[in-house]
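A quick note: this is a predicted structure, and the numbers were derived from the prediction, not measured.
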2 protein chains.
Amino acid sequence: MRKNYIHPVEITLDVVCGKWKGVILWHLQQENILRFGELKKLLPGVSQKTLTLQLRELEEDGLVKRKVYPQVPPKVEYSLTHYGQELEATLNQMCEWGKRHKDKVGQNNQPVSQENS
Amino acid sequence: MRKNYIHPVEITLDVVCGKWKGVILWHLQQENILRFGELKKLLPGVSQKTLTLQLRELEEDGLVKRKVYPQVPPKVEYSLTHYGQELEATLNQMCEWGKRHKDKVGQNNQPVSQENS
DNA sequence: TTGCATAGTTACCTTTTTTATACTAAGGAG
DNA sequence: CTCCTTAGTATAAAAAAGGTAACTATGCAA
C-alpha cells in the first residue's frame, strides 16, 4: 500500500498521475493492443527508461497487462486489463474537459516583460 | 501553455495532478466555499507551505478563486471558478473508479472515507 | 565476423515536488 | 505590554520523478 488515502479520488489520481500515463492509457484504450515500440513512437520525447517505468507501474496497479513472446528480437504486447478498461469514462471526461480548456490553461503566467533593463 | 501536450487528457491531468489537488477540488465542490484553515483541517498532513502552493497553482490554472478580506487576523475564502465547476463530472468519475478499486490498489488499505458524489 | 532487430537494464545526474521549522503582520483581549 | 488569532513567507532539506547515455541478450542475414 502506497498511501493512506483521504478520499477515493486520490486512488484514481495516484494510478493515473505520471507524466505519460494518461496518454498511454488513452492509446491503449483506442488500439486495444500495442507493442512497446509502437507506444514509444506514439509518445514523442519519452525515454526508454521512463516508458518502461510508467508501464511497470501501470502493470503493478493492475491497469495494464504485459504479454511477453519468447522470441528474439523480443516482442511484448501491452493492453488494458478489465480494471484499466473501467477507466474509460474517466478518461473520456478528462479528454472532454481538456479540449474545452486547452486555450485557458496557463495563460496568466507569461514572462513577457523584457522591455527595459 | 506550460507544455506541448500531445493529447487533451494531459491538460486535465496537468492541472489536477498535485498531491493534494484532487481532495482540495473535491471538498470545494462539496462545500462551495472554504477558508484556508478549514481546508487545512480537511487535509491531515499537509504543510502550510504546500497547501498554499497547491492553492496558488489551482488559482493560476483558473480552477479556484481566492477572495481576501482585508482584516486582521486575515480571512481568505476559496471557491471553484466556473472552470473548476466543470470538472465535476470528471471528479465524480474518478471518485467512482476509486471506490470500486480501493481494494485492488494496495491490499492493506485503511478504509477510505465514504463521502458521496 | 559484423551488424541489425526489440525491449529492455544500469549508472549517474538534474529538476521538480513536498516537507519541516521558524518567522511575520496587525488588531483585540487580558 | 504581552499573547492570541489567521494566512501566509523564508529557508533549508529531503524525496520523488524524469532524463541521458551506454550496455545487454539472442537469433538471423550478409
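Counting any heavy atom pair closer than 4.0 Å across all strands shown, B:Tyr69 reaches no nucleic acid atom. Here B:Gln54 lies in heavy-atom contact (under 4.0 Å) with sugar-phosphate atoms only.
Taking the nucleotide of DNA chain D with the nearest heavy atom to each of B:Val76 and A:Val72, the more 5' of the two is matched to B:Val76.
One finds the CD atom of A:Glu86 at 8.5 Å from the OG1 atom of A:Thr81 (value rounded to the nearest 0.5 Å). How far OH of B:Tyr78 is from NE2 of B:His27: 16.0 Å, rounded to the nearest 0.5 Å. Atoms CH2 and CG, on A:Trp26 and A:Asn92 in that order, are 4.5 Å from each other to the nearest 0.5 Å. Once rounded to the nearest 0.5 Å, the distance linking CD of A:Gln85 with CG of A:Leu28 reads 10.0 Å.
With hydrogens and angles disregarded, a donor-acceptor distance shorter than 3.5 Å links the side chain of B:Trp97 to the backbone of A:Tyr83. Under a 3.5 Å cut-off, the side chain of A:Thr50 and the backbone N or O of A:Val46 do not form any donor-acceptor pair. The backbone N or O of B:His7 sits less than 3.5 Å from a side-chain atom of B:Glu10, completing a donor-acceptor pair. Side-chain N or O atoms of B:Thr12 include one that pairs as donor or acceptor with a backbone N or O of A:Gly98 at under 3.5 Å.
Nucleotide D:dT6 holds its P atom 17 Å from the CZ atom of B:Arg66, rounded to whole Å. Following rounding to the nearest Å, B:Glu77 (CD) and D:dG8 (C1') show an atom-to-atom distance of 16 Å. Atom-to-atom, CG of A:Leu51 to C1' of D:dG19 comes out at 13 Å; the value is rounded to the nearest Å. For the pair B:Leu34 CG and D:dT6 P, the computed distance is 15 Å after rounding to whole Å. In this structure, the CD atom of B:Gln48 is 9 Å from the P atom of D:dG8, given to the nearest Å. Distance B:Tyr78 OH to D:dT6 P: 15 Å, rounded to the nearest Å. Whole-Å rounding puts the A:Arg56 CZ to D:dG18 C1' distance at 17 Å.
Between A:Thr50 and D:dG19 there is a side-chain polar atom (N or O) within less than 4.0 angstrom of OP1 or OP2.
A 4.0 Å heavy-atom criterion places the boundary nucleotides of DNA chain C facing chain B at C:dT18 to C:dG27, written 5' to 3'.
Using a 4.5 Å cut-off on side-chain heavy atoms (C-beta onward), B:Val23 and B:Leu42 make no contact.
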Sort me out a list of protein N/O and nucleotides 10-14 of chain D N/O pairs below 3.5 Å, or just none if empty.
{"from": "D:dT11", "atom 1": "O4", "to": "B:Lys49", "atom 2": "NZ", "distance (Å)": "3.2"}
{"from": "D:dA12", "atom 1": "N6", "to": "B:Lys49", "atom 2": "NZ", "distance (Å)": "3.2"}

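At a non-hydrogen distance threshold of 4.0 Å, B:Arg35, B:Phe36, B:Gly37 from residues 35-46 of chain B come into contact with DNA chain D.
By the neighbour-count criterion of 12 heavy atoms within 6.0 Å, atom NZ of A:Lys65 is sparsely surrounded, having that number or fewer from other residues, nucleotides or ligands.
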Working for side-chain contact (heavy atoms from CB on, under 4.5 Å), residues A:Glu31 and A:Glu38: CA-CA 11 Å; A:Glu31 311 293 333; A:Glu38 295 176 316; over 6 Å; no
